[in-house]
Amino acid sequence: MMSAIRPVRKAVLPVAGFGTRVLPATKTVPKEMLPVVDRPALQYVVDEALAAGIEHIVFVTGRNKGAIEDYFDIAYELEDTLVAKGKDAILAQVKATVREAGTMSFVRQQAAKGLGHAIWCARDIIGDEAFAILLPDVLIQSETGCLTQMMEAYNTVGGNIIAVDAVPVERVSSYGVIAPMSGKEARDGKLIKMSGMVEKPAQADAPSNLKITGRYILQPEVMDVLKHQAAGAGGEIQLTDAMATLMESQPFHAFEYEGEDFDCGTKLGYFEAVCAYAAEHPEIGGPAKMVMRDFGHG
Ligand code: G1P
């Protein structure tokens, strides 16, 4: 049993995937860099992590993902040009994307062996610290960032916490799904105790309709489990399987966050995200809603 609650300073963002469901757009542009209104999808997820107090981000990348590293670096020529043209507002936005040297790491997942394997690739950088995982395909629009909500819960219960959300039963086979415990004591506000979890179950075998959404706070011991984790659903090394094992020896909670999630790895989910973030955008929110209304009536 663990005693003190370990601080969460690092977050792992797996960005090695090909983005096959939105090809050919992702042939030369990493899917995480596709724009949602005026910034790459990835920027929203990094901002969510930073708002939650994350100090160091570990990207698990692959070949053809160099644009991600460049995005968070200084672009001298661009900045000089904006200075010369007196475009101060845009310059400030460009500068805000630059992270301080040493606060981001990039490791490569050399083969597409699954999410569990991708996370394991970050083990040396995570060391013996508790850490967060944010799947950048998933954007979560909420007043308080999803990871911030989870951190607040973590600071009271510690252990491992995963974000979950109810989905129509016809969709459970696309996700990791939890088996919530029943009874009054199993629930404390947004926290739910679990008896298990399963990756991509057939609808008939799903233990509930609560899907795992793509935000996790985990203890570093998950890396020891992942080291020996056999391939599971889809022939891939699954994070869900490793978490199910870790659950036998460590406290684990599911957390029902407040917010709306969008799966930018799919065409429709990406489109929904663009609409949702455009509607909330300070500059174009009003007219964007009018455009959407016009299409709705078209
Ligand atoms: C991954 C996880 C799954 C989770 C999902 C959320 O699946 O393995 O447990 O529910 O992300 O989007 P993937 O979408 O990579 O197939």
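As the structure lists them, so they are numbered: ligands from 1, and atoms in each ligand from 1.
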Once the angle between the rings of Phe59 and Phe106 is folded into 0 to 90°, is it parallel (under 30°), tilted (30 to 60°) or perpendicular (over 60°)? parallel

Contact between ligand 1 and Thr240 is defined here as a heavy atom of the residue under 4.0 Å from a ligand atom; is it met? yes

Ligand 1 and Lys200, any nitrogen or oxygen pair closer than 3.5 angstrom? yes

List ligand 1 atoms under 4.0 Å from Val138, heavy atoms only on the residue side. 12 (O)

Between Leu115 and ligand 1, does any nitrogen or oxygen pair lie at a separation below 3.5 Å? no

Counting neighbours of CZ on Phe18 that are heavy atoms of other residues, nucleotides or ligands and sit closer than 6.0 Å, is the number greater than 12? no

Is the number of heavy atoms from other residues, nucleotides or ligands under 6.0 Å of Glu129 CD greater than 12? yes

More than 12 heavy atoms of other residues, nucleotides or ligands under 6.0 Å from NZ of Lys113: is that the case? no

For atom 9 (O) of ligand 1, which of the options Arg215, Glu199, Gln238 provides the nearest non-hydrogen atom? Glu199

Atom 14 (O) of ligand 1 within contact range, any protein heavy atom under 4.0 Å: no

Considering heavy atoms of the protein only, find what lies nearest to atom 6 (C) of ligand 1 and give residue, atom and distance to 0.1 Å. Ile212 O, 3.4 Å

Would you say Asn64 has more than 12 foreign heavy atoms packed within less than 6.0 Å of its CG? no

What protein heavy atom lies closest to atom 11 (O) of ligand 1? Include the residue and the distance to one decimal. Leu135 CD1, 3.3 Å

Please lay out, stage by stage, how Lys193 and Glu185 fare under the test salt bridge (Lys or Arg N to Asp or Glu O under 4.0 Å). CA-CA 8 Å; Lys193 289 197 177 125; Glu185 267 136 60; over 6 Å; no

For ligand 1, the portion of Asp263 having any non-hydrogen atom under 4.0 Å away: neither

Looking at Asp263 and Arg171, is there a salt bridge between them, counting it only when a charged N and a carboxylate O are closer than 4.0 Å? no

